[in-house]
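Okay, so here's the structure we're looking at.
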Amino acid sequence: QQQVKQSPQSLIVQKGGISIINCAYENTAFDYFPWYQQFPGKGPALLIAIRPDVSEKKEGRFTISFNKSAKQFSLHIMDSQPGDSATYFCAASKGGSYIPTFGRGTSLIVHP
Amino acid sequence: GAGVSQSPSNKVTEKGKDVELRCDPISGHTALYWYRQSLGQGLEFLIYFQGNSAPDKSGLPSDRFSAERTGGSVSTLTIQRTQQEDSAVYLCASSPRWGGRSTGELFFGEGSRLTVL
C-alpha cells in the first residue's frame, strides 16, 4: 500500500514558468512533510519542509502548500530555472517515528 | 568528513554472491537509515538505527538482507546470495538528534550502485 502518492511522474517547464508537484497521503498521523531534491549521481537533499500547523511555507522561489482536510500538499517552484532540473521527492513521517515514507518522485526538466 | 560517506560507489557482482555496503554517517548523528532506490522507483525504506535502541528492520525485503551499526557510527548493509532484482542504488542517510529523537531531516550519501549480473 502506497502511503504517499506523488504526481506527476515527470514534468517539463519553460524557464521562468511555475512548476507544481502534488502529493497525497493517507495516514492522518503524519505530521512532518519534507521535500527532497536529487540531482543525477547524488543523494537527495532536503529542500523545504512543513508541519501541519501551517498551510503554507515559503523559502525563496520554493513554496509548500498544505491542505490538511484533503490530505494533500504540493511544491511550487516559481520562476523555474534550468538549474532546478532534478528529481523531487515528497515525504511524510509521523511523530515519534521519524522514518519518512517517500513518494515515487517527479523528474523535472526546465528548458532554457 | 563533512557529509555521509558510502562505499563502494559502484559494485558489480555475480548472482549468488554476498555483498557488503558501508556507510559512514555525519559525526554526531545518532540516527542512521538505509533506503533502496530502483530505476524509476521512489525511495524504499530498509532499516533504521537510532542510538542504542533496537533497529527498526521492518523494511528489509527478505532474510537475505541484514545490517549492523558498530559503536553507534559506521553501518554495514549485507546482502547474501544476491539476486538480479537486488540491483539498485542503496542510499544511506543520517540525522541529528533533537529532544532524544531524530529531527526528521535526513542527510543522504551519494549511494552505492549495485549491479547483479
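- Contacts between B:L43 and chain A at a heavy-atom distance below 4.5 Å involve backbone atoms as well as side-chain atoms.
- Partner B:D86 forms a side-chain hydrogen bond (donor to acceptor under 3.5 Å, both in side chains) with one of B:R64, B:R81, B:K15 and no other, that one being B:R64.
- Within a 6.0 Å radius of CD in A:E59, other residues, nucleotides and ligands contribute more than 12 heavy atoms.
- Remark: side-chain polar atoms of A:Q6 are paired, donor with acceptor, to backbone N or O of A:Y88 under 3.5 angstrom.
- Look at A:R61 and A:D84 and you find a salt bridge, because one of the NZ, NE, NH1 or NH2 atoms lies within 4.0 Å of a carboxylate O, short of that distance.
- At a 4.5 Å heavy-atom cutoff, B:E44 makes no contact with chain A through either its backbone or its side chain.
- At a 4.5 Å heavy-atom cutoff, A:P34 makes no contact with chain B through either its backbone or its side chain.
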